[in-house]
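For reference, the structure is listed below as structure tokens.
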Number of protein chains: 2
Amino acid sequence: MDPQRAAFVEGFALQLAQAGMQRMASRVFAALLVAPSDGLTAREIADALGVSAASVSTATTYLTRTGLIERTRVPGERVDRYATDGTRWVEATLVETQNLATMNEWLARGVDAAADDPGAVERLRETQDFFAYLIDELPRLVERWRHERSAVSGR
Amino acid sequence: MDPQRAAFVEGFALQLAQAGMQRMASRVFAALLVAPSDGLTAREIADALGVSAASVSTATTYLTRTGLIERTRVPGERVDRYATDGTRWVEATLVETQNLATMNEWLARGVDAAADDPGAVERLRETQDFFAYLIDELPRLVERWRHERSAVSGR
DNA sequence: AGCACGTTTCAGTAATTCTTGAAATACCTG
DNA sequence: CAGGTATTTCAAGAATTACTGAAACGTGCT
């Protein structure tokens with residue numbers, strides 16, 4: 001991998017890692033972002049990053065599961081290719097509302113736990129309302145982006 | 001801390017930790033969510049969670065810096081009180097767009113690095129566009145929530 | 001100013017998470 | 001179906017991160 005690409009991969013991956021993604025997964029994802037559109041094989045990723053095949057396997061499994069990358073195998077080929085496109089990335093953002101929903105379930109329990117404390121109850125309910133709002137609006141926001149984008153690109 | 005509150009704190013904190021927040025900070029924040037409105041002292045937090053004062057100090061520093069909690073000291077008091085309210089939480093969400101902006105700077109470098117690859121360039125630009133869209137729209141979304149909320153509560 | 005109490009810093013330890021080599025498994029080709 | 005290659009699993013070591021006790025530092029009261 002050329003130096004410029006490598007610099008991007010490390011920098012972008014660091015950002016992702018700080019945002020909570022596993023480090024290796026971050027690097028693999030970043031590498032795929034600057035890769036040719038037909039993607040990279042596990043071996044190519046391992047070589048580019050200088051890590052083991054095992055690490056790549058773990059990372060690709062995680063990234064595939066969360067929908068950030070896609071695994072494809074051309075029939076009659078012996079290797080998987082991993083790739084990411086803008087759409088996948090966006091869909092993954094959508095999936096995130098599942099986390100918000102889980103949090104809201106916990107907040108409901110918090111309301112019960114703090115039932116004796118009006119101030120706490122109000123605060124928790126406010127937070128619940130905000131999360132509910134996000135769960136509702138975020139998919140809408142993404143949908144709107146898709147719409148605008150398709151209008152521009154004509155796709 | 002009563003068992004119900006404790007259960008909430010552990011469960012909610014786990015969610016936050018999985019979303020990328022430091023574990024201790026997550027627990028402290030969760031504890032403050034179900035605390036009385038005037039907040040808790042560092043000692044109270046430490047006792048409630050069964051952790052050291054040092055850990056609480058580190059966590060409160062982090063949470064204060066990121067805007068998720070507020071430190072107050074009543075004049076003539078000798079102790080700080082830490083508290084969180086719905087508004088702070090929302091403002092912290094706004095701040096997050098800083099991370100998106102940083103990512104977009106990296107993506108710009110990625111475009112340069114992959115200039116020889118039309119497919120990669122398109123993919124990176126698409127991601128950039130999406131981030132730019134979010135940077136633009138997220139604050140708007142939060143603003144809209146504030147507006148709706150104030151209309152309902154009359155505050 | 002001195003005291004008492006609360007908070008922060010720091011360096012060592014503990015715990016967790018990451019990474020890997022090696023073995024096991026799956027899969028395509030001939 | 002045998003051979004070869006790619007991928008996954010797993011256990012162990014490495015690296016990172018989290019947590020704490022102790023000491024230093026601040027701050028308000030008397």
Side-chain angles (χ1 to χ4, degrees), chain A residues 6 9-10 12-32 35 38-66 68-83, chain B residues 6 9-10 12-32 35 38-66 68-83:
Chain A
V9 167
E10 290 311 317
F12 194 74
L14 188 61
Q15 281 298 311
L16 288 175
Q18 282 176 356
M21 190 187 290
Q22 303 164 5
R23 197 169 345 171
M24 185 62 74
S26 303
R27 289 208 274 173
V28 170
F29 182 67
L32 289 175
D38 51 346
L40 298 175
T41 66
R43 168 165 297 280
E44 287 168 341
I45 296 170
D47 289 347
L49 299 178
V51 299
S52 71
S55 298
V56 174
S57 174
T58 305
T60 51
T61 299
Y62 169 78
L63 289 168
T64 303
R65 187 157 34 80
T66 57
L68 266 72
I69 70 172
E70 199 174 24
R71 148 184 285 159
T72 57
R73 176 171 290 190
V74 180
E77 269 299 310
R78 201 176 296 190
V79 297
D80 294 337
R81 302 195 77 84
Y82 300 96
Chain B
V9 167
E10 290 312 316
F12 194 75
L14 189 62
Q15 281 298 312
L16 288 175
Q18 283 176 354
M21 190 186 290
Q22 302 165 5
R23 198 172 343 172
M24 184 63 73
S26 302
R27 290 207 276 173
V28 169
F29 183 67
L32 289 174
D38 51 345
L40 298 176
T41 66
R43 169 166 296 280
E44 287 169 341
I45 295 170
D47 289 347
L49 299 178
V51 298
S52 72
S55 299
V56 174
S57 175
T58 305
T60 51
T61 299
Y62 168 79
L63 289 167
T64 303
R65 187 158 32 81
T66 57
L68 266 71
I69 70 173
E70 200 174 23
R71 150 184 283 160
T72 55
R73 177 171 291 189
V74 180
E77 268 298 310
R78 202 176 295 188
V79 296
D80 294 337
R81 304 195 76 86
Y82 299 96

Quiz item: Taking CZ from B/R23 and P from C/dT16, how many angstroms apart are they, rounded to a whole number?
Solution: 6 Å
Exercise. To the nearest Å, give me how far apart CZ (A/R78) and P (C/dT25) are.
Key: 20 Å
Quiz prompt | Base versus backbone protein contacts along nucleotides 8-13 of chain D [heavy-atom cut-off under 4.0 Å; B, S, -] | solution = BB----
Self-check item: Spacing between B/R81 atom CZ and C/dT7 atom C1', to the nearest angstrom
Solution: 15 Å
Self-check item: B/M21 side chain near B/Y62 side chain, heavy-atom distance below 4.5 Å
Solution: yes
Exercise. Report the distance from atom OG1 of B/T60 to atom CG of B/L68, rounding to the nearest 0.5 Å.
Key: 12.5 Å
Self-check item: Spacing between B/L49 atom CG and D/dC19 atom C1', to the nearest angstrom
Solution: 13 Å
Practice problem: Assign A/R73 to base, sugar-phosphate, or nothing according to its heavy-atom contacts below 4.0 angstrom with the strands shown. | Solution: sugar-phosphate
Practice problem: Specify the closest pair of heavy atoms between A/T61 and A/S57, including all atoms of both residues, with the distance to one decimal. | Solution: OG1-O, 2.8 Å
Self-check item: Atom pair distance, as rounded to whole Å: CD1 in A/I45 and P in D/dA6
Solution: 14 Å
Quiz item: Can you find a pair of side-chain heavy atoms, one from A/V51 and one from A/I45, that are under 4.5 Å apart?
Solution: no
Exercise. Take A/R27 and A/E10, measure what side chain to side chain contact (heavy atoms under 4.5 Å, CB included) needs, and give me the verdict at the end.
Key: CA-CA 7 Å; A/R27 289 208 274 173; A/E10 290 311 317; 3.5 Å; yes
Self-check item: Rounded distance [0.5 Å steps], OG1 in A/T41 versus CZ in A/R78
Solution: 13.5 Å
Practice problem: Check the distance between D/dA15's C1' and A/M24's CE and give it to me in whole angstrom. | Solution: 12 Å
Quiz item: Atom CZ of A/R43 to atom P of D/dT7: distance rounded to whole Å?
Solution: 9 Å
Practice problem: For B/R71 and B/D80, indicate whether the former's side chain and the latter's backbone hold a donor-acceptor pair under 3.5 Å. | Solution: no
Quiz item: Would one find a side-chain N or O of B/S55 under 4.0 angstrom from OP1 or OP2 of D/dT20?
Solution: yes
Quiz item: A/D47 CG to D/dA6 P: how many Å, rounded?
Solution: 11 Å
Quiz item: DNA chain C: A/R27 or B/T41, which has the more 5' nearest nucleotide?
Solution: B/T41
